[in-house]
Protein chains: 2
Amino acid sequence: MNARETPSSATRVTMIDIARHAGVSKSTVSLVLQASPQVKAETREKVLSSIDKLGYVYNRGAANLRSARSNIVGMVINDLANPFFAELAVGIERVFHAAGYIPFIANTIENPRRQAEVLRSMSEHDIAGLIICPARGTRPADIAALSGLGFPTVLAMRRMGPGFSSVTPDNLRGARRATEHLIALGHRRIAFFGGYADMIAQNDRCGGWRAAMEAADLAIDPGWIIEGPPNRDCGASAIARVLDMDNAPTAALCFNDVVAFGVLSGLERRGLVAGKDFALVGFDDVAEARHTNPPLSTVHVDTASLGERAAHLVLRMIGGDTRPEEFVSDVDLVVRASSGGSIGRGE
Amino acid sequence: MNARETPSSATRVTMIDIARHAGVSKSTVSLVLQASPQVKAETREKVLSSIDKLGYVYNRGAANLRSARSNIVGMVINDLANPFFAELAVGIERVFHAAGYIPFIANTIENPRRQAEVLRSMSEHDIAGLIICPARGTRPADIAALSGLGFPTVLAMRRMGPGFSSVTPDNLRGARRATEHLIALGHRRIAFFGGYADMIAQNDRCGGWRAAMEAADLAIDPGWIIEGPPNRDCGASAIARVLDMDNAPTAALCFNDVVAFGVLSGLERRGLVAGKDFALVGFDDVAEARHTNPPLSTVHVDTASLGERAAHLVLRMIGGDTRPEEFVSDVDLVVRASSGGSIGRGE
DNA sequence: CGAATCTTGTGGAACGTTCCAATAATTTGC
DNA sequence: GCAAATTATTGGAACGTTCCACAAGATTCG
């Protein structure tokens, strides 16, 4: 039935078996598998057919050990359940796959200890390169230590200054434009929800918001800045908290879309509707943002291409060109219904 | 400054270097690293300190080669951009990480050729086990071939009968209950959107819909079944197509939430609102479902625990207990606004 | 036609571990 | 205080590749 010999015994088929079966040396088999041009077509056929007959499967671990070259790359994500990071991962994976690399993936859930564990595990596996979205609390020294490990590293969604490759959206500019949009709609009291001050991305986005507020001569109530994990719950509780203030804001910029989704449910729970009773803008423009109730105004990030860019950068560095590069991708404000028309005006 | 000697030269630190530095044999170093109880505490300390001083990093590839045991597992997902699969992946990754395994991840985007490529790549890396959500068009023989490769395989979201381990939600029952819900609301013409008939999951979900229709003695117009890829576009175009029929349905069950999201935008584009002008139910209950406009009625799947279950199953099989298990997880109908009140009643 | 060159193929060492059998060091029992 | 038993440690072979230096045969060329 099956042309292949079923290897019922536990021993695996190796290059040596192929060599014996094809009547050549193991070196020749190796050459064939590396598609070396210096083996005669006829010999190649013989070897290939033996490989097929015996059901041989290449052992990349052994090859890697001997050649000191690996086709494994690492991908450290801090929140894979956030659609933004999932989209990013998809872009990265696509490029790596096309280039013949296969990624380890790890989800740190913003936990530095977990991050340290997976980084160690990945180095033990001798990865050729790494893309990492550093968990909150990662110190620059932690990243710097990676460079001693012998593989190129690209930071995603977090810059670390010259000397480190990174790929980020233009957080500051995006946040600033989103805030200006709210101001133009007449809002004077605008809040910022989500993220922690010790996260660089939060710093930039919050900084953009602050810059816009200051440029418009608007005072900032410290109570309008609600820190928290970048998830739905954070958004829901932030909006609840802020609406009870004396000096309640009439609009908010969120650290990201997921936080904004939480705000949406928080508003709904109080019978309020975004875009009418409260103006809301997110950040990232994940696919779901256009389907929310109401559709979410947000800062569009070209996520997939950001991921692809990161992957290409790693590949370039693996290729020997190790010059670091800091790539900042352009962003766009996408106005949908959640930032609304004209409430809060005239105040 | 740094206690570690910076290995400026290209040669990596190996167990032999540690052995030399600690004044023991490489075997002893190996024993220490395997936490063998048969090495004296004092020796262990010596070795550990040398490891720390020289900045040694364990080479799992070499270990794996010699011991024929791997701590890599494979995870083949067909659409990581779908939040459902992302949630699934998170659950799986969590369990594997805790058990000391590290996953390769690959996104097949429903492409069998890509799937074949990644499976080959994973076998070449000698994975210890595999969880796969088979791409559309995967034949049972393709999966059966995997079992000859020497690692346990668990199917996720697709059964393949006894002999194969799998983990799936109760698709048939979920779809049936969702449809009964729509029927109870008075709908008589109910459509089914998304997926292809050659996908098992679609078969089951569509089958559940059909069963409920038949049980209620409702005729099915073949035009109500719109096949397509399980993504937003499919939902958007399906609703557009169906609303122009003579015999237009007043409600629809979608293959999954993402398709339902597309229907939501399709409806909006025509100025219709789900739950009022058309009743809509999704499947999966991804996190975003409660934030859509209007919130989506859907069949709740306990995704994370489904993923965890799959991972535990693989681990059990790696552990030597290779009895296959078909796990079917319970589902629940979650009624939100999109399935609405009472339109379409009375025909 | 002999040397040089090119083409094709080869055997053995090496990669960094684990495993095994054997030895060395220590403790126990009487 | 000596054999036996136990505990700690060790050297070398092995895992499945790639790499290197070399060799045998074919071809070119003046």
Side-chain angles (χ1 to χ4, degrees), chain A residues 7 9-48 50-51 54-72 121 123-128 150, chain B residues 7 9-48 50-51 54-72 121 123-128 150:
Chain A
S9 86
T11 129
R12 84 190 280 163
V13 180
T14 126
M15 274 195 175
I16 309 215
D17 301 320
I18 302 300
R20 208 160 8 228
H21 186 271
V24 297
S25 77
K26 62 183 169 26
S27 306
T28 303
V29 177
S30 175
L31 256 9
V32 168
L33 286 171
Q34 294 172 72
S36 160
Q38 72 167 311
V39 20
K40 208 164 39 172
E42 185 192 343
T43 319
R44 185 192 334 279
E45 288 316 316
K46 239 180 357 189
V47 170
L48 254 20
S50 295
I51 284 179
L54 303 189
Y56 166 74
V57 10
Y58 185 67
N59 185 333
R60 232 167 249 283
N64 180 14
L65 173 59
R66 170 62 227 215
S67 71
R69 256 169 305 161
S70 153
N71 77 141
I72 306 180
S121 182
S123 350
E124 289 182 354
H125 278 287
D126 193 22
I127 53 176
Chain B
S9 86
T11 130
R12 82 189 282 164
V13 180
T14 124
M15 274 195 176
I16 308 218
D17 300 320
I18 301 301
R20 207 159 11 229
H21 186 272
V24 298
S25 77
K26 61 182 170 28
S27 306
T28 304
V29 177
S30 176
L31 256 9
V32 168
L33 286 171
Q34 294 172 73
S36 159
Q38 71 169 313
V39 19
K40 210 165 36 171
E42 185 192 345
T43 318
R44 186 195 329 280
E45 288 316 316
K46 245 184 345 193
V47 170
L48 254 19
S50 295
I51 285 180
L54 302 189
Y56 166 75
V57 9
Y58 185 68
N59 185 333
R60 233 168 248 283
N64 181 15
L65 174 59
R66 170 62 227 213
S67 71
R69 256 169 303 160
S70 153
N71 77 141
I72 306 179
S121 182
S123 353
E124 288 182 355
H125 278 286
D126 193 24
I127 53 175

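Here the structure is a predicted model, which means the values were calculated and not measured. So you know, we letter chains A, B, ... as the sequences are listed, proteins then strands, and number each from 1.
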>> Among residues 25-33 of chain B, which ones have heavy-atom contacts with DNA chain D below 4.0 Å?
In response: B:S25, B:K26, B:S27, B:T28, B:L31

For a quick test of your reading: what N or O donor-acceptor pairs under 3.5 Å do the side chains of residues 35-43 of chain A make, sequence neighbours left out?
residue	atom	partner	partner atom	Å
A:S36	OG	A:Q38	N	3.1

> Does any pair with a residue in residues 22-35 of chain A pass salt bridge (charged side-chain N to carboxylate O under 4.0 Å, His left out), and if so which ones, sequence neighbours excluded?
Replying inline: none

Which pairs would a plain distance check flag for residues 61-72 of chain B, meaning a side-chain donor or acceptor within less than 3.5 Å of a matching protein atom at least two apart in sequence or in another chain?
residue	atom	partner	partner atom	Å
B:S67	OG	B:A63	O	2.9
B:S67	OG	B:R69	N	3.3
B:S70	OG	B:I72	N	3.0
B:S70	OG	B:D126	O	2.9
B:N71	ND2	A:H125	NE2	2.9

>> The criterion is side chain to side chain contact (heavy atoms under 4.5 Å, CB included); which residues satisfy it with B:E124, sequence neighbours excluded?
In response: A:V57, A:Y58, A:R60, B:R120

> In whole angstrom, what separates A:Q38's CD from C:dC6's C1'?
Replying inline: 11 Å

>> So, using side chain to side chain donor-acceptor pair (under 3.5 Å) as the criterion, who are the partners of B:D17 when residues are at least two apart?
In response: B:R20

>> Please report the distance, rounded to the nearest Å, between CZ in A:R44 and C1' in C:dT7.
In response: 13 Å

> Who are the side chain to side chain donor-acceptor pair (under 3.5 Å) partners of B:S121, not counting sequence neighbours?
Replying inline: none

> Taking it one step at a time, do A:L48 and A:V32 satisfy side chain to side chain contact (heavy atoms under 4.5 Å, CB included)?
Replying inline: CA-CA 8 Å; A:L48 254 20; A:V32 168; 3.6 Å; yes

> Which nucleotide of DNA chain D is the first, and which the last, in the 5' to 3' direction, to come under 4.0 Å of a heavy atom belonging to chain A?
Replying inline: D:dG16 to D:dC19

>> Using the side chain to side chain donor-acceptor pair (under 3.5 Å) criterion, which residues pair with A:S25? Sequence neighbours excluded.
In response: A:T28

>> Tell me every residue that passes side chain to side chain donor-acceptor pair (under 3.5 Å) with A:S50, counting only those two or more places apart in sequence or in another chain.
In response: A:H21

For nucleotides 26-28 of chain C, give me every protein contact, N/O to N/O, under 3.5 Å, one pair per line with atom names.
none

> Which heavy-atom pair separates A:Y56 from A:I18 by the least distance, and what is that distance?
Replying inline: CB-CD1, 3.6 Å

>> So if I apply the side chain to side chain contact (heavy atoms under 4.5 Å, CB included) rule between B:V47 and each of B:V29, B:L33, B:L31, which one comes out positive?
In response: B:V29

> If you fit an axis to the five pairs at each end of the helix from C:dC1-D:dG30 to C:dC30-D:dG1, how big is the angle between those two axes, to 10 degrees?
Replying inline: 30°

